[in-house]
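Report on the following structure.
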Amino acid sequence: MKTYSTQNIRNVVLIGSAKSGKTTLSEAMLYEGKVIDRRGSVEEKNTVSDNTEFEQTNQKSINATPLYAEIGGCKVNIIDAPGSDDFSGGALSAFKVVESAALVLNATQGVEVGTEIFGRYAEQYGIPVFVTVNQLDHEKANWDLVRNSLAEAFGKKAVIAQFPVAPGAGFKGVVDVITMKYYNEKNEALDIPAEFADEAEELRAELMEKAAEGDDDLMMKFFDTMELTTDEIREGLRAGMEKGEAIPVFCVSAKQNIGVRRLLEFVVDVTPAPKVEATGATSLFIFKTSVEQHLGEVSYFKVFSGTLNEGADLVNPETGNGERLSAIYAVAGAKKEKVSSISAGDIGCVMKLKSGKYNTTLAAAGVDAIPHMEFPDYKYRCAVKAVDKNDEAKVGDALNKIAAQDPTLHVEYSKELRQTILSGMGEQHINYVKWRVTTEFKLNIELYAPKVPYRETITRVATATYRHKKQSGGAGQFGEVSMLICPYIEGEPASNKFKIDGKDTELKIKNQQVFDLEWGGKLEYINCVVGGAIDEGFMPAILKGINDKMTEGPLTGSYARDIRVYVYDGKMHPVDSKEIAFIIAGRNAFKEAFRNAGPKILEPIYNVDIITPSDYVGPCMSDLNTRRGMIMNQDMDKGFTVLHARVPLAELYRYSTILSSLTGGSATFTMKFAEYQQVPADVQTKLLAEYAAQEQEED
């Protein structure tokens, strides 16, 4: 395979709803691009993309698959992305390395939920979009439905570049109003049949007007002459697409291979070329990592500057670690073709790098790292454990290996919750991970609701004294600590006047320390001991005892926070006082005072933004009310209602699945941690009872 120059490279991602035919379209594009000589099918499980066992069994894309086609002296890199929002990480990764997106529609359905979701993602990431209406050969294909739904979803941005002739079982071809040609089922460019001439002229006028809007000079010419040349239309459409103001609409039957070649020609003629540095020092960005049968770890990259040559020695600018790329490949799914060099703007892959994880830059020495890809926050959390306890370490290793290939999957062991927590984009996503662990690693795992990371704090002043005394022959242990605790309030100075044992008391503050707790909140530790009641050398031991209990709160075993502790008195023994004695005394004095200080449980509250069609606002709001959610406000975004709410994390388990069920899959949401708030009294009572029962069980 030859090396293509930057100006002769195009990068496009296929996005849209599941069942829109993206994989079939990619197969037809590869066939037209002479990469394969026989088209496979999803039904026969022999397509170039969707080549894993899970994808073939379920007939749905899970992974984003890089492919390419060669046409008209250009190389078109194509990334076939999954159609489910649960697996949107593939499309979002692709957005880092493509310059345009083909939003694929099913001609029997028009604009679907997935169309709108991925259209919003493309707009959010600034990716120019064109629509490809597929399956026009289906007996239920409905061009009028498609046009109406496009107008409703995208307004005047959507502009017809092609329209179908005889859509349905007798689909014959497309009329292209850019070239003013009719492309038949053999992809021959013919004169437009007379019966379609008027419609073509009318749509060309609309297309010229939309193209003129993309460029001021073209607008001036169009006003003067009411005409644009074909090249000027292409120029104007490219400008309009890059501004997000034009969405050209094309028509194909991927299954019958009608219109596919013309679609590739449009990609070459109109969509933007890579915006990279063709010369200069070499740099590349790894946007995808996978482990593939017989190959091991494969890293997929785009060259962002210079030329990448086989055997290149590059450096990770963020770590300083070197990598040698002994062999580099052009890639079309499972097909890898070794090449000697890859130009800036092109996509390729390399095997078995030492540290070739996604979001990694490799470059010549002195070149800066390329900014990382950004992904939405996780939407679904669950706990996971091995069915066989002896497999816990193996399960953890398997999950970490899978997460290393998926930027929208996160796995961590929570010391606080004592659970392994798996976070992803939805229940389908997590179930796929379970399938991989079971199938690839031969391990059985159980998924269940995760614990909630509650926090404990206090609401009033309390005191306690605890004496630890232990004598068992020989040297004993002795330590006594008196302390006062009260709520820590940011910005409020520490008082030294309190009522202790019924008497007004003024404490002498000798020193104070404020600690930022790693789980949030503060601990202030104040030494008020006078007269040598406790030696200064034992004060760190008392603090250690307090910290021990802060990490396992007295109410539910959760972390404690926002507490001010005054150690004001105590006793020592000249022989038996040791560090361990004051650790124990400090811990138990704190525990006793905490229980008497109006303790409260705090729960994590999340900002939840739900984007839903207006028809489903009522059900969404009713459901939020059942989850103790508080709706803050709502607004509109491109015809969708956006509900802004605050919801306790405890009420969000499986919310992505419930929301999809409520809205027929048409709503999406994001969730982000906001703050901790006190739980209602009835919830606290329930939590205390559950913790007491758990402790009794463990005893």
Side-chain angles (χ1 to χ4, degrees), residues 18 54 58 60 62 82-89 113-114 117 375-387 395 399 402-403 406 408-414 416-438 444-454 603-613 616-631 643-674 679-680 683 686-687 690:
F54 188 92
N58 292 275
K60 65 189 297 183
I62 299 297
S84 167
D85 193 30
D86 275 25
F87 302 104
S88 57
V113 174
I117 290 172
F375 297 93
D377 291 320
Y378 309 111
K379 300 178 184 178
Y380 191 98
R381 295 172 67 250
C382 70
V384 56
K385 65 181 179 182
V387 172
V395 166
L399 291 172
I402 294 170
D406 186 345
T408 57
L409 184 71
H410 181 68
V411 58
E412 66 170 338
Y413 179 77
S414 170
E416 173 187 4
L417 304 178
R418 296 185 290 279
Q419 291 179 320
T420 298
I421 303 297
L422 195 57
S423 303
M425 300 305 290
E427 194 162 6
Q428 286 186 71
H429 189 196
I430 298 302
N431 285 337
Y432 172 62
V433 173
K434 181 179 181 181
W435 179 88
R436 288 193 62 183
V437 171
T438 303
N444 291 318
I445 59 174
E446 180 184 346
L447 306 177
Y448 56 104
K451 296 177 184 175
V452 175
Y454 292 108
E603 64 180 339
I605 304 296
Y606 275 66
N607 287 327
V608 178
D609 294 335
I610 302 157
I611 304 174
T612 177
Y616 296 105
V617 169
C620 288
M621 293 176 73
S622 297
D623 180 70
L624 286 171
N625 288 334
T626 68
R627 298 175 186 278
R628 297 191 285 123
M630 179 179 292
I631 297 165
L643 298 174
H644 303 282
R646 306 193 102 197
V647 187
L649 177 63
E651 307 293 340
L652 287 171
Y653 178 56
R654 297 189 76 241
Y655 181 62
S656 62
T657 306
I658 301 300
L659 182 65
S660 179
S661 177
L662 277 174
T663 64
S666 61
T668 61
F669 77 104
T670 59
M671 54 183 280
K672 197 171 188 66
F673 172 74
V679 301
V683 176
K686 179 184 175 185
L687 291 172
E690 288 175 351

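All values below come from the heavy atoms of this structure, side chains included, with hydrogens, waters and symmetry mates left out.
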| task | Grab the two heavy atoms, one from Leu409 and one from Gly424, that are nearest each other, plus how far apart they are. | result | CD1-CA, 4.5 Å

| Contacts of Thr408 that satisfy side chain to side chain donor-acceptor pair (under 3.5 Å) - sequence neighbours left out | Asp406

| task | Specify whether Phe673 and Tyr606 have parallel, tilted or perpendicular ring planes, treating 30° as the upper limit for parallel and 60° as the lower limit for perpendicular. | result | perpendicular

| message | To the nearest 0.5 Å, what is the distance between OG on Ser666 and CG on Leu659? | response | 8.0 Å

| field | Intermediate values then yes/no, side chain to side chain contact (heavy atoms under 4.5 Å, CB included), Tyr653 and Arg381 | value | CA-CA 7 Å; Tyr653 178 56; Arg381 295 172 67 250; 5.9 Å; no

| field | Separation between CG of Leu649 and CE of Met671, rounded to the nearest 0.5 Å | value | 5.5 Å

| Considering all heavy atoms of both residues, which atom of Val113 and which atom of Gly664 are nearest to each other, and what is their separation? | CG2-O, 4.2 Å

| remark: Rounded to the nearest 0.5 angstrom, the CG-CZ distance for Asp609 and Phe669 is 10.5 Å

| remark: dist Leu447:CG -> Lys385:NZ (nearest 0.5 Å) comes out at 11.0 Å

| field | Atom pair NE2 (His644) and OG1 (Thr670), whose distance is rounded to the nearest 0.5 Å | value | 9.0 Å

| Can you tell if the side chain of Tyr655 reaches within under 4.5 Å of the side chain of Tyr380, non-hydrogen atoms only? | no

| field | Atom pair OG/CD1 of Ser414 and Ile421 - distance to nearest 0.5 Å | value | 6.0 Å

| task | Mind checking salt bridge (Lys or Arg N to Asp or Glu O under 4.0 Å) for Arg436 and listing every partner two or more places apart, or none if nothing turns up? | result | Glu440

| said: Within the structure provided, determine whether Leu687 and Glu603 are in side-chain contact (heavy-atom separation under 4.5 Å). | reply: no

